[in-house]
Amino acid sequence: MATDRNHVVVVAIDFGTTYSGYAFSFRKDFALNKASHLTEISAKNWLSGDLQSDKTPTTLLLDRNKNFVSFGYEAETEYGRMSEEEREQHYYFRRFKMMLYDKDGTLNLTRKTVLKDMKNKQLPAIDVFKHSIKYIKALFVEDFKNRNMQITIEPLEKYVTWVLTVPAIWDEPAKQFMEEAAQMAGISKKSLLICLEPEAAAIYCKWLPIERDNELLNVMKPGRRFLVLDAGGGTIDMAMQEVNEDGKLKEISRAQGGDWGGIYVDEEFKHMLEKIVSKPIVEAFRMAHTIDYIDLFRNFERKKRQKQIGNNVTISVPASLPEIVDDINRHIEEQGLKELVTYKKGRFQIKLKKYEEFFNNVIDKIVVKVEEMLVSDTAKGTNVIIMVGGFSASDFLQQRIKDSFPSYTMVTPPECGLAVLKGAVLYGHDPDIIAARKMRYTYGVGTNTKFINGVHPESKKRLINGKEYCKNKFDIHVKRETLVHCDEETEKTYFPLYENQKSVDFKVFASKKDDPQYTDEEGCRKLGSLTVPMPDTSGGTNREVIAKFKFGANKFTVEGIDGNSKQSVDIKLDFLEDKK
């Protein structure tokens, strides 16, 4: 466990949908003063021309042999300078993180899952993530050495704790996928922590000076409850936390959210463009003038983050688009948009009313979900909403949250886009700061239990040694929405079915239901299995075998124990197993 390591530095990598970056701080500085440690965290600054930013685009460029070329702004620039023939010989991936979000439970994410690049060429997804993480890791090492701090950080597995952030709405396969990609990138398992993005944001917010006491601003006191609205490029994560008496954080409502991030505002702009010039023309523009297509949406992204003044919003349009579209204004008029959109001198002039419509769809969903969380029984006493994440910089989103929840204090930190990154660094120094979490699923094991007529369906009846059993029974160890403290354990005792049985198989299941009855019902899936050796058969069917669930930092393990020998077996829960 990283918590037991004698590390020198914590490095957090915030691998975002649109932008990525890293930040770090030293263990000795954290030990000196936790409360003011936010000021000790260094975030990487990225350069693009004469612009400086705290993150770089999540964009990867590989050569024809699938070898790394560049990442971020450099990848965008290099790809933009290439001839069309050169682009065909390279792989160019952007905004690929969202493919790990299993929105409707149909994604069969495995180690063989593939990703399509800008030209629809395919590569294994895990290789794309591996190259990206490996680059950021190597960049930190290079930048650190250039600082000439006279501090040893190699071997990395000994002196560096790495923290990788993931959305809370991701499921277990996506988290494991990121872990394995990081390990392929050269980050050892023992030095890696996975941190949920809203938890990282909550840790950051805990140390924000927002409590006013005698005209001085202090960090949040014990008993304070707050909702974190983490609005990123791809996902929106919301979590409610409470500050315990010991200063640790307790999740009082399970993290929720959805795919309502800033990139979906871009999609609304794209839909308008497709309506004006047609979907085939937009696709042809993307394929034939790829870098111009990227520039158009980069211009929109830049505009999206700016404060809008006046009645019109101007979006610059690359010259190649009007070259393949005859009379854009005529198309605008034919689509009934003449009063809302005009094209003039290489720019779209969009009425503020129309521009705001791009935001409304996702903001409506965000407001509904925030309201659902705030009216729940667990939200009682919560009166602060803290907005973090890049999309939280949007005036439209901020204003809607203010207008929709006027009785709540809304806080948007100055560095809202770095909240997750800096919070993840703090988590790396003190993973135990998250004291308890709500369970997302109901977990248990499949068993055979005594068959009861009228209670169990006949289809489940199984005859063993002359006795009737009900097969596929879901024996619950912990229910969804249960508050589980870190390092909490649950255990249950079972017995072999046969007197001469020399081992017992446990199959571990998760269900979306509160009270699942059978392991083969809808919403239930197998997570893994383990076999517990029981070589001493002298006790017959009266021998005990124990299944123990151990809940830790963002994951759990299952252990099987022979009651006689006390020997145990740990299960490896493989969520990336190909189930087809």
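FYI, the numbering just counts along the sequence from 1. Side-chain atoms are counted along with the backbone in the values below, which use heavy atoms only and exclude waters and symmetry mates.
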Q: So, does Glu179 use its side chain to make a donor-acceptor pair with the main chain of Gln176 at under 3.5 Å?
A: no

Q: Any ion pair linking Glu481 and Arg254 (charged N to carboxylate O, less than 4.0 Å)?
A: yes

Q: Report, one line per pair, each donor and acceptor closer than 3.5 Å where one atom sits in a side chain of residues 369-376; sequence neighbours left out.
A:
unit_1: Lys369; atom_1: NZ; unit_2: Gln256; atom_2: OE1; d: 3.2
unit_1: Lys369; atom_1: NZ; unit_2: Glu372; atom_2: OE1; d: 3.0
unit_1: Ser376; atom_1: OG; unit_2: Met373; atom_2: O; d: 2.7
unit_1: Ser376; atom_1: OG; unit_2: Thr378; atom_2: OG1; d: 3.2

Q: With sequence neighbours excluded, give me every side chain to side chain donor-acceptor pair (under 3.5 Å) pair touching residues 231-246.
A: Arg225-Glu242

Q: Hey, are the side chains of Leu123 and Phe93 touching, using non-hydrogen atoms and a 4.5 Å cut-off?
A: yes

Q: Please enumerate all residues that pass side-chain hydrogen bond (donor to acceptor under 3.5 Å, both in side chains) together with Ser20, with sequence neighbours excluded.
A: Thr58

Q: If I take atom CZ from residue Phe474 and atom OG1 from residue Thr442, how far apart are they, to the nearest 0.5 angstrom?
A: 6.5 Å

Q: Determine the minimum heavy-atom distance between Trp207 and Ile203, stating which atoms define it.
A: CD1-O, 3.4 Å

Q: Where the side chain of Gln501 meets the backbone of Leu497, is there a donor-acceptor pair that is under 3.5 Å apart?
A: yes

Q: Between the side chain of Lys467 and the main-chain N/O of Lys450, is any donor-acceptor distance below 3.5 Å?
A: no

Q: I'd like to know whether Val10 forms a side chain to side chain contact (heavy atoms under 4.5 Å, CB included) with Tyr427, so could you lay out the CA-CA distance, the side-chain angles of the two residues, the decisive distance to 0.1 Å, and finally the verdict.
A: CA-CA 9 Å; Val10 169; Tyr427 177 80; over 6 Å; no

Q: Walk me through it: do Arg462 and Glu468 pass the test salt bridge (Lys or Arg N to Asp or Glu O under 4.0 Å)?
A: CA-CA 6 Å; Arg462 179 185 181 190; Glu468 293 180 344; over 6 Å; no

Q: I'd like to check Val160 versus Phe24 (side-chain heavy atoms, cut-off strictly below 4.5 Å). Are they in contact?
A: no

Q: State, with a plain yes or no, whether a side-chain heavy atom of Val445 is found less than 4.5 Å away from one of Lys507.
A: no

Q: Side chains of Ser529 and Val508: closer than 4.5 Å at any heavy-atom pair?
A: no

Q: Is the side chain of Lys97 donor-acceptor paired with the backbone N or O of Phe15 at a distance under 3.5 Å, no angle test?
A: yes

Q: How many angstroms lie between CZ in Phe26 and CD1 in Ile41, if you round to the nearest 0.5 Å?
A: 12.0 Å

Q: Examine the side chains of Asp475 and Tyr494 and answer whether a donor and an acceptor come within less than 3.5 Å of each other.
A: yes

Q: With sequence neighbours left out, what residues match Tyr443 under side-chain hydrogen bond (donor to acceptor under 3.5 Å, both in side chains)?
A: none

Q: Do the side chains of Ile434 and Leu196 get nearer than 4.5 Å, heavy atoms only?
A: no

Q: Between the side chains of Asn383 and Arg224, does any donor sit under 3.5 Å from an acceptor?
A: yes

Q: Taking side chain to side chain donor-acceptor pair (under 3.5 Å) as the cut-off, I'd like each qualifying pair that reaches into residues 537-547, sequence neighbours left out, listed once.
A: Asp536-Ser538

Q: Closer than 4.0 angstrom, basic N to acidic O: yes or no for Asp259 and Lys365?
A: no

Q: What do you reckon, is NZ of Lys116 surrounded by more than 12 foreign heavy atoms closer than 6.0 Å?
A: no

Q: Tell me whether Lys548 is salt-bridged to Glu489, with the criterion being a basic N under 4.0 Å from an acidic carboxylate O.
A: yes

Q: Just wondering, do Val545 and Asp562 contact through their side chains at under 4.5 Å, heavy atoms?
A: no

Q: Distance to the ring centre below 6.0 angstrom and angle to the axis at most 45 degrees; does that hold for Lys44 and Tyr22?
A: no

Q: Closer than 3.5 angstrom, by distance alone: can the side chain of Ser132 be matched with the main-chain N or O of Val128 as a donor-acceptor pair?
A: yes

Q: Please evaluate residues Val11 and Thr161 with respect to the criterion side chain to side chain contact (heavy atoms under 4.5 Å, CB included), reporting the C-alpha separation (whole Å), side-chain torsions for both, the decisive distance (0.1 Å), and the verdict.
A: CA-CA 6 Å; Val11 185; Thr161 288; over 6 Å; no

Q: Does the pair Arg437/Glu251 count as a salt bridge with the N-to-O cut at 4.0 Å?
A: no

Q: Angle class for the Phe129/Phe177 ring planes (parallel below 30°, perpendicular above 60°, tilted otherwise)?
A: perpendicular

Q: Any chance you could measure Cys486, atom SG, to Asp432, atom CG, to the nearest 0.5 Å?
A: 7.0 Å

Q: Look at the side chain of Glu197 and the backbone N and O of Ala201, then say whether any donor-acceptor pair between them is shorter than 3.5 Å.
A: no

Q: Can the ring centroids of His7 and Tyr159 be said to lie less than 6.0 angstrom from one another?
A: no

Q: Indicate the ring-plane relationship of Phe140 and Phe144, choosing parallel, tilted or perpendicular according to the 30° and 60° boundaries.
A: tilted

Q: Does any non-hydrogen side-chain atom of Leu426 lie less than 4.5 Å from one of Leu38?
A: yes

Q: Mind checking the CG-CD spacing from Asn472 to Gln517? Nearest 0.5 Å is all I need.
A: 12.5 Å

Q: Run the salt-bridge test on Lys550 and Glu559 with the 4.0 Å N-O cut-off and return the result as yes or no.
A: yes

Q: Take Thr18 and Arg95 through the test side chain to side chain contact (heavy atoms under 4.5 Å, CB included) and record every step on the way to the result.
A: CA-CA 5 Å; Thr18 49; Arg95 296 187 173 182; 3.4 Å; yes

Q: Are a donor atom and an acceptor atom from the side chains of Thr39 and Ser36 found within less than 3.5 Å of each other?
A: no

Q: State whether the side chain of Arg480 and the backbone N or O of Lys512 hold a donor-acceptor pair below 3.5 Å, judged by distance alone.
A: yes

Q: Quick check: are there more than 12 heavy atoms from other residues, nucleotides or ligands sitting under 6.0 Å from NZ of Lys492?
A: yes

Q: Looking at every heavy atom in both Thr165 and Ala424, which two are closest together, and how far apart are they?
A: CG2-CB, 3.6 Å

Q: Taking the side chain from Lys34 and the backbone from Ala31, do they hold a donor-acceptor pair closer than 3.5 Å?
A: no

Q: Can you see which heavy atom on Gly540 is nearest to which on Pro496, and at what distance?
A: O-CG, 3.7 Å

Q: Could you check whether any side-chain N or O of Thr110 sits under 3.5 Å from a backbone N or O of Lys112, counting only pairs where one atom can act as donor and the other as acceptor?
A: yes

Q: In Å, rounded to the nearest 0.5 Å, how long is the span from CD1 of Ile236 to CD1 of Ile366?
A: 4.0 Å

Q: Using distance alone, with no hydrogens and no angle criterion, decide if Ser25 and His37 have a side-chain donor and acceptor under 3.5 Å apart.
A: yes

Q: Could you walk me through whether Lys206 and Ile433 pass side chain to side chain contact (heavy atoms under 4.5 Å, CB included), step by step?
A: CA-CA 10 Å; Lys206 179 197 178 303; Ile433 192 170; 4.1 Å; yes

Q: Looking at Lys55 and Gly417, would you say the former's side chain and the latter's main chain have a donor-acceptor pair under 3.5 Å?
A: yes

Q: Aromatic rings His456 and Tyr518: how do their planes relate, parallel, tilted or perpendicular, breaks at 30° and 60°?
A: perpendicular

Q: Residues in side-chain hydrogen bond (donor to acceptor under 3.5 Å, both in side chains) with Gln122, at least two apart?
A: none

Q: Find out whether Lys137 and Trp162 are in side-chain contact, i.e. whether some heavy atom of one side chain is under 4.5 Å from a heavy atom of the other.
A: yes

Q: If you round to the nearest 0.5 Å, how far is CG of Leu530 from CZ of Phe506?
A: 7.0 Å

